[in-house]
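Notes follow once the structure below has been shown.
First listed ligand is number 1; within each ligand, the first listed atom is number 1.
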Amino acid sequence: MTASPTSFSLNAVPEIHFGAGRAASLADDVKAVSQGGKVLLVTDAALAALGLLAPIRRALEAGGATVSLYAEIAGEPKAYQIDDAAEAARSLEADAVIAVGGGSALDIGKVAAAIAPAGEEAMHYALAAHPLPASGIPSICVPTTAGTGSELSATNIFANAAGKKLWIWGQETKPRRVVLDPALTVSLPPQLTAWTGLDAFVHALESCTNRNATPGNTLTSHKALALIAGALETAVREPGNLQARGDLLLGSALAGIAIDNCGTAVAHNISHALAGLAPLHHGFATALGLEVTLAWSVEKDEGAFAAAARACGLCDATELPGWYSALMTRCGVARRLPEAFKAFDAAALAAEMRAPENQPMRKATLRQLEDADLDRFAAVVMALA
Ligand SMILES: [Fe+2]
């Protein structure tokens, strides 16, 4: 008798609608997921200022929806913003919440919709302190960056009043629909395209090379790697290239599905640890985290990195670190930490990497991450300050 195949399960994926210009039909999505037409649009302030929101709002109103706006989001998401958005949804008696923007707006919109009817604050549910309400307000996610994959993930990251990063996890927070419209991502500047795209790349890579990887999920990770590896540099150099933007957006969404099932690893341990010291863009921090650890990871590869390398169009795992560093360079990523990091040393970062909330990512890393490895990586990263 031959050995039985590995057993695994895959989480539910929300309904996905893809297409350039697809956001113009959002009124139909509202009708499909809810009984009424009162919509709370949750978005970040920059997006509202960019004028990306006005056509969406007009299209919703032309389709019969009544639209209110919560656009008080800037930077990484905060607990009070979730509570304010939930309060806005309650006072509007919203039939649907549409989250439009990067990962921050999507996480805030998703969680606010999930918890609004129950009336408890976000902190009530943080770190799984209490179960999420069984039913919330139906939500729709419309990403305008190709990076976090938050639109397809049950994990939601935000900071409490002290600036500490916390999470709310639950299938209850997933949206009812995801609308992927590459036309909404063409105005993203090159630097943010690179940072967010590299975050998506790391999601795809870590989800198929960590201890939790499964054969069923690896299919998704590898397709995401192929799409992102093939499109990222073009999207950075030619912002209006809809084919590249579409590949990147789809790759980012698939990578979101992949981490929803299998999570991340050491690069995300480092990026979350860096964020524990001072504010830093998550995609940039994660891109650095992968660059300083990839050669070490590949050194003891037993096949997972070789398969990922082939998905990127390479021949072997040993090519991966050099290829990845060159991709970062071609995408214009400067390896320098902001001024605020000068106040910290390698020991401070190493302590954050050892913090309890960052241990799942350390433990998931395929190669045993010894204390000496962790200290060495912290020193390499902090030398960039
Ligand atoms: Fe990430």
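- Between W296 and F377, the ring-plane angle classifies as perpendicular under the 30° and 60° cut-offs.
- Counting only protein atoms, the N, O or S atoms lying less than 2.8 Å from the Fe ion (ligand 1) are D199 OD1, H203 NE2, H268 NE2, H282 NE2, ordered by chain and residue number.
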| field | Verdict with reasoning, S271 to T286, per side-chain hydrogen bond (donor to acceptor under 3.5 Å, both in side chains) | value | CA-CA 5 Å; S271 70; T286 305; 3.0 Å; yes
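- Using a 30° and 60° split on the angle between ring planes, H282 and H272 fall in the perpendicular class, above 60°.
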| query | So S325 and R335, side-chain hydrogen bond (donor to acceptor under 3.5 Å, both in side chains) or not? Walk me through it. | reply | CA-CA 11 Å; S325 288; R335 278 74 153 184; 4.6 Å; no
Under 3.5 Å donor-acceptor pairs involving side-chain atoms of residues 41-59, not counting sequence neighbours:
from	atom 1	to	atom 2	distance (Å)
T43	OG1	V100	O	2.9
D44	OD1	L47	N	3.3
R57	NE	E61	OE2	3.4
R57	NH2	V67	O	3.1

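- For F201 and W323, the ring centers are positioned less than 6.0 Å apart.
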